[in-house]
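Not measured: the values here are computed from a predicted model.
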Amino acid sequence: MNRLIIVGSPRTDGRSAHLADLLFESCIDECPDDELALAPVSTLAIEPCQGCDACKALAACAASGGASDGETAEEACRRCVIDDDMAEVYELIDAADELVVVSPVYFAGAPAQLKALLDRLQPYFWTDARHGRKRPATLHVVGEGGDPHGFEPLVGVVRSSLSCAGFALERVLDWVGRIDEDGEITAEAVEHALAPLPGQRASSDGGAPVPDDAAKEAASGSVPASASGRNASSAAPSRPALRLSPEGGPVQGGGKAPANGGAH
């Protein structure tokens, strides 16, 4: 099992970083044989999407046999003309069987740095990733609390962008007001009910929405077999081990602890 934890806070030592470290350590303790990577946007240089549609042209070229030597059409489709750390994030996403996003709430939505990463998933839109069997994803929402507008915009943008990259957001865990400024957990997270998408019905147990019978046939297996957010489908294709940066690189993880040994 390959797991990737994306930390969406621009702060290197805030609530989200502390929670991500706890999740990282928990994964290592519970699943020591699994591959694990931690990608904090606070240490990544990721430019915003330019809306240039170059990835659309690359996808069309790849589909017509224009991939470079040693490169599959799918790999060619996922290229972006912006040369930055997102290239390594693409590799981590491609290798991940399960994705976890830890994010603070900024005016009900995502921080600009996380939004830039999510917008750069646009190349996947021109591939078949969004049509195949989805890998599970979980969102941990972090905040001091007190905003009456909630965090539905954050859930929406994470859900939409990850879907294009081949993930289904199955669980949203609400940590708002439950982690103090020192990163100490003061109360357990509350599972946030996901609103059903068109063609779905609400789950009877308050978990992830499930497709109705007609939608199941139309989806052709695009709904994950597990709604727990913990295990990738056994029918999913095997993936290579996560490709991690050398020590000191922008994407940390793997082994027994984060590469820099501290909070992110």
Closest heavy-atom contact between [X] and [Y]?
| X | Y | answer |
| --- | --- | --- |
| Val158 | Ser161 | O-OG, 3.3 Å |
| Lys134 | Phe167 | CD-N, 3.8 Å |
| Ile179 | Arg15 | O-NE, 2.7 Å |

Any [X] side-chain heavy atom under 4.5 Å of [Y] side chain:
| X | Y | result |
| --- | --- | --- |
| Val190 | Arg178 | yes |
| Arg11 | Pro104 | no |
| Lys115 | Val157 | yes |

**Item:** Backbone of Gly156 reached by a side-chain donor or acceptor of Ser160 within 3.5 Å
**Value:**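 Pair absent, no side-chain N/O of Ser160 close to backbone of Gly156.
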**Asked** Looking only at atom types and distance, does a side-chain atom of Asp119 sit under 3.5 Å from a main-chain N or O of Cys49, one as donor and one as acceptor?
**Response**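 Not a single qualifying donor-acceptor pair exists.
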Spatial distance of atom [atom1] ([X]) from atom [atom2] ([Y]) [nearest 0.5 Å]:
| X | Y | atom1 | atom2 | answer |
| --- | --- | --- | --- | --- |
| Ile82 | Ile46 | CD1 | CD1 | 10.5 Å |
| Leu194 | Glu152 | CG | CD | 8.0 Å |
| Leu92 | Ile6 | CG | CD1 | 8.5 Å |
| Glu184 | His18 | CD | NE2 | 8.0 Å |
| Glu191 | Leu173 | CD | CG | 5.5 Å |
| Asp180 | Glu144 | CG | CD | 10.5 Å |

**Request:** Report the residue from Thr138, Leu162, Ile5 that forms a side-chain contact (heavy atoms from CB on, under 4.5 Å) with Val101.
**Result:**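 Of the listed residues Thr138, Leu162, Ile5, the side-chain contact (heavy atoms from CB on, under 4.5 Å) partner of Val101 is Leu162.
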**Message:** Check the orientation of Tyr124 and Tyr90. Use parallel for under 30°, tilted for 30 to 60°, and perpendicular for over 60°.
**Reply:**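 Correct class here is perpendicular.
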**Common cluster, Leu118/Phe107, ILVMFWY with side-chain heavy-atom separation under 4.5 Å** =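 No.
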